[in-house]
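Basis for what follows: all heavy atoms, side chains included, without hydrogens, waters or symmetry-related copies.
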Amino acid sequence: MTVEFIGMIGAQHVSEIHAADGPAVNPAFLRKFAQAHEAAGFDRVLIGYGSSSPENTQLAAYAAAHTERLGFLIAHRPGFVAPTLAARTFATADHLTGGRIAVHIITGGNDADQRRDGDYLGKEERYARTDEYLDVLRRVWAAEEPVSHAGEHYRFEDYNAAVRPVRQSGIPLYFGGSSAAALQVGGKHADVFAMWGEPLAQTAEQIAAVRRAAAAAGRAEPPRISVSFRPILGATEEQAWERAHRILDRINAARGGLASFTGPKTLNPGQQVANVGSQRLLAAAAAGELHDRALWTPTAAATNAAGNSTALVGTPETVAAALLDYVDIGVTTLLIRGYDPFDDAVDYGRELIPLVRQEIARRAAA
């Protein structure tokens, strides 16, 4: 049994409780942030995508040049560049980093943000496009001869790139989404299916749905499962909960949070959200503030669940046990990021990640 830890980095210091500090692209901070995650023992870091954000493939390339083993999970929305260009862009980065690239496919749940980049397709059409896009990516990465394609959204002739991914299996594809269309497309294509942090029972239901979708697509092995959380740690339970409420107060004072790595937040408390993942987090928040061992939902409610926003609150031992509860139901990847992004990454490496890995090793030895 192995568990993959993923963090998240950006090119400036910013979070829901920290106003953006410095220029939009701060090379010194990006370098320091990536190196902190590597030192903390993270396997990969996600670099998000937003219509107002710096281009994340270039951020990954810069960060990779200043780290040795850290992997990079590049968020990517199909539809803004041709799949053939994306295939060789990611394959080139894969070679330059020694095989450290993975791609997180996000079809897009916010129509307004899609339109900022010129995409006016509806949600169902976007998922159909993503399905075709990923078919093309897989095909051209594996092809040893020229490839032609004529589909609903893409058409090309005699594509024959000289650069292919480092691994024969291609570049790992992570996939995010919670709707029925997302389950269908992700169940077909994803190496890792990514979910936001819901209560254990709902997460188990989602895992089962992903596995059914994979089986319906004819896959022998289902995708691995990733779940995302915002751990809030304290030396004691009381200190952890005091810190959690301070964070919540700061989010509320900023009317839903200041910003994120992927751009300014525009949602206001009470505003309706369109994507199913956010709706599910808000439903969990409406059902209660505290679920299972340590899952705390008010941070999701305060931000209208605009991104992964549910917290795990407690001592490192409590939060490690909560993460292992998810491992026990089939989760293989844990994406954790803090509201104090840099300092929390350091703390996770010192106090949280070792506890989870020690328990996984103990179980393996037993």
Checklist entry - Any idea how Phe175 and Phe193 line up, ring-wise: parallel (<30°), tilted (30 to 60°), or perpendicular (>60°)? => result tilted
Next on the checklist: Rounded to the nearest 0.5 Å, what separates atom CD in Gln58 from atom CD1 in Ile74?
Outcome noted: 10.5 Å
Next on the checklist: For His189, is there any backbone N or O sitting under 3.5 Å from a side-chain donor or acceptor partner on Arg138?
Outcome noted: yes
Next on the checklist: Quick check: closest heavy atoms across Pro27 and Val25, and the distance to 0.1 Å?
Outcome noted: CD-O, 3.3 Å
Checklist entry - Under the salt bridge (Lys or Arg N to Asp or Glu O under 4.0 Å) criterion, do Asp43 and Arg357 qualify, and how do the steps go? => result CA-CA 12 Å; Asp43 298 288; Arg357 290 205 164 123; 2.7 Å; yes
Checklist entry - Relative to the ring of His37, is the ring of Phe42 parallel (under 30°), tilted (30 to 60°) or perpendicular (over 60°)? => result tilted
Checklist entry - Under a 4.5 Å cut-off applied to non-hydrogen side-chain atoms, are Val45 and Met8 in contact? => result no
Item to check | Close aromatic pair by centroid cut-off 6.0 Å: Tyr159 and His149 | outcome: no
Checklist entry - Of the non-hydrogen atoms in Arg280 and Glu198, which two are nearest, and what is the gap between them? => result NE-OE2, 2.6 Å
Checklist entry - Are any of the side-chain heavy atoms of Thr310 and Arg230 separated by less than 4.5 Å? => result no
Checklist entry - For residues Tyr49 and Asp117, is any side-chain donor paired with an opposing acceptor at under 3.5 Å? => result yes
Next on the checklist: With clusters defined by side-chain heavy atoms of hydrophobic residues (ILVMFWY) lying less than 4.5 Å apart, directly or transitively, does Leu134 cluster with Val140?
Outcome noted: no
Checklist entry - Is Ile360 reachable from Leu323 through a run of hydrophobic residues whose side-chain heavy atoms are each under 4.5 Å from the next? => result yes
Next on the checklist: Less than 6.0 angstrom separating the ring centers of Tyr326 and Phe229, yes or no?
Outcome noted: yes
Checklist entry - Roughly how far apart are Ile6 CD1 and His104 NE2, rounded to 0.5 Å? => result 8.5 Å
Next on the checklist: I'd like to know if the side chain of Asp158 and the backbone of Pro146 have a donor-acceptor N/O pair within less than 3.5 Å.
Outcome noted: no
Next on the checklist: Looking only at side-chain N and O atoms, does Thr107 offer a donor or acceptor that is under 3.5 Å from a partner on Thr130?
Outcome noted: yes
Next on the checklist: If you define the side chain from C-beta out and look only at heavy atoms, does anything of Thr315 sit under 4.5 Å from Glu351?
Outcome noted: no
Item to check | same_hphob_cluster(Ile329, Leu183) at 4.5 Å side-chain heavy-atom cutoff | outcome: yes
Item to check | Check against side-chain contact (heavy atoms from CB on, under 4.5 Å), Glu68 and Glu38 | outcome: CA-CA 8 Å; Glu68 297 295 329; Glu38 182 165 72; 4.0 Å; yes
Item to check | Value rounded to 0.5 Å, distance of CG in Asp191 from OH in Tyr174 | outcome: 8.0 Å
Checklist entry - If we ignore angles and hydrogens, is there a donor and acceptor under 3.5 Å between the side chains of Tyr133 and His76? => result yes
Checklist entry - Hey, mind stepping through Val227 and Leu335 against side-chain contact (heavy atoms from CB on, under 4.5 Å) and telling me if it holds? => result CA-CA 6 Å; Val227 179; Leu335 195 159; over 6 Å; no
Checklist outcome for this item: Tightest non-hydrogen contact, residues Leu233 and Leu352, listed as CD1-CB, 4.3 Å
Checklist entry - When rounded to the nearest 0.5 angstrom, what distance separates CD1 in Ile247 from CD1 in Ile17? => result 5.0 Å
Item to check | Check ion pair Arg363-Asp328 (N to O, under 4.0 angstrom) | outcome: yes
Checklist entry - Thr303 and Ser309: which non-hydrogen atoms are nearest, and at how many Å? => result OG1-CB, 3.7 Å
Checklist entry - Any side-chain donor paired with an acceptor under 3.5 Å for Glu157 and Ser148? => result no
Checklist outcome for this item: One should read off an interatomic distance between Ile101 CD1 and Phe72 CZ, to the nearest 0.5 angstrom, of 7.0 Å
Item to check | Ion pair Arg350/Asp347, N-O distance below 4.0 Å | outcome: yes
Checklist entry - Transitively linked via ILVMFWY side-chain contacts under 4.5 Å: Ile232 with Val346? => result no
Item to check | Val166/His95 under side-chain contact (heavy atoms from CB on, under 4.5 Å): CA gap, chis, key distance, verdict | outcome: CA-CA 6 Å; Val166 171; His95 279 272; 4.0 Å; yes
Next on the checklist: Check for me whether the distance between the ring centres of His18 and His13 falls short of 6.0 Å.
Outcome noted: yes
Checklist entry - Is the closest side-chain heavy-atom distance between Ser178 and Gln279 below 4.5 Å? => result no
Checklist entry - Does Glu359 reach the side chain of Val327, with side-chain heavy atoms less than 4.5 Å apart? => result no
Item to check | Gln12 side-chain N/O to Phe29 backbone N/O, donor-acceptor pair under 3.5 Å | outcome: no
Next on the checklist: Side chains of Thr67 and Arg100 only: does a donor on one sit below 3.5 Å from an acceptor on the other?
Outcome noted: yes
Checklist entry - Counting distance only, does the side-chain N/O of Tyr348 pair as donor-acceptor with the main-chain N or O of Gly7 below 3.5 Å? => result no
Checklist entry - For Ala11, does its backbone N or O pair with a side-chain atom of Asn26 as donor and acceptor, under 3.5 Å? => result no
Item to check | Shortest non-hydrogen contact between Arg164 and Ala91, atoms and distance | outcome: C-CB, 3.7 Å
Item to check | Any side-chain heavy-atom pair of Gln35 and Arg31 under 4.5 Å | outcome: yes
Checklist entry - Going by atom types only, do Thr332 and Glu4 share a side-chain donor-acceptor pair under 3.5 Å? => result no
Checklist entry - Between Thr318 (side chain) and Pro316 (backbone), is there a donor-acceptor pair under 3.5 Å? => result no
Next on the checklist: Is it the case that over 12 heavy atoms from other parts of the model lie below 6.0 angstrom from the CZ atom of Arg69?
Outcome noted: yes
Item to check | Between Glu55 and Thr57: side-chain donor-acceptor atoms closer than 3.5 Å | outcome: yes
Checklist entry - Within the distance-only criterion (no hydrogens, no angle test), does the side chain of Asp119 pair as donor or acceptor with the backbone N or O of Leu121 below 3.5 angstrom? => result yes
Checklist entry - Are Phe342 and Tyr339 joined in one hydrophobic group, where the rule is that I, L, V, M, F, W and Y side chains link up if heavy atoms are under 4.5 Å apart? => result no
Item to check | Salt-bridge contact Asp343-Arg337 (side-chain N to carboxylate O under 4.0 Å) | outcome: no
Item to check | Heavy atoms from other residues, nucleotides or ligands near CD of Gln206 exceed 12 (cutoff 6.0 Å) | outcome: yes
Next on the checklist: Looking at every non-hydrogen atom in both residues, tell me the closest pair between Val319 and Gly314 and how far apart they are.
Outcome noted: CG2-N, 3.7 Å
Checklist entry - Under 3.5 Å, is there a donor-acceptor pair between the side chain of Trp141 and the main chain of Pro165? => result no
Item to check | Heavy-atom side-chain proximity of Ile225 to Met195 below 4.5 angstrom | outcome: yes
Next on the checklist: Between Asp131 and Arg126, does the salt bridge (Lys or Arg N to Asp or Glu O under 4.0 Å) criterion hold? Intermediate values first, please.
Outcome noted: CA-CA 9 Å; Asp131 186 20; Arg126 290 200 297 267; over 6 Å; no
Checklist entry - Any side-chain heavy-atom pair from Val192 and Pro172 closer than 4.5 angstrom? => result no
Next on the checklist: Quick one, Arg129 with Tyr154, criterion side-chain contact (heavy atoms from CB on, under 4.5 Å). Give me CA distance, side-chain angles, the key distance, then yes/no.
Outcome noted: CA-CA 9 Å; Arg129 179 179 62 192; Tyr154 301 102; 3.5 Å; yes
Item to check | Short side-chain to backbone donor-acceptor contact, Arg211 and Pro222, under 3.5 Å | outcome: no
Checklist entry - Taking atom CG of Leu73 and atom CG of Leu46, what is their separation to the nearest 0.5 Å? => result 5.0 Å
Checklist entry - Is Asp344 reaching over with its side chain to a backbone N or O of Asp340, donor-acceptor style, under 3.5 angstrom? => result yes
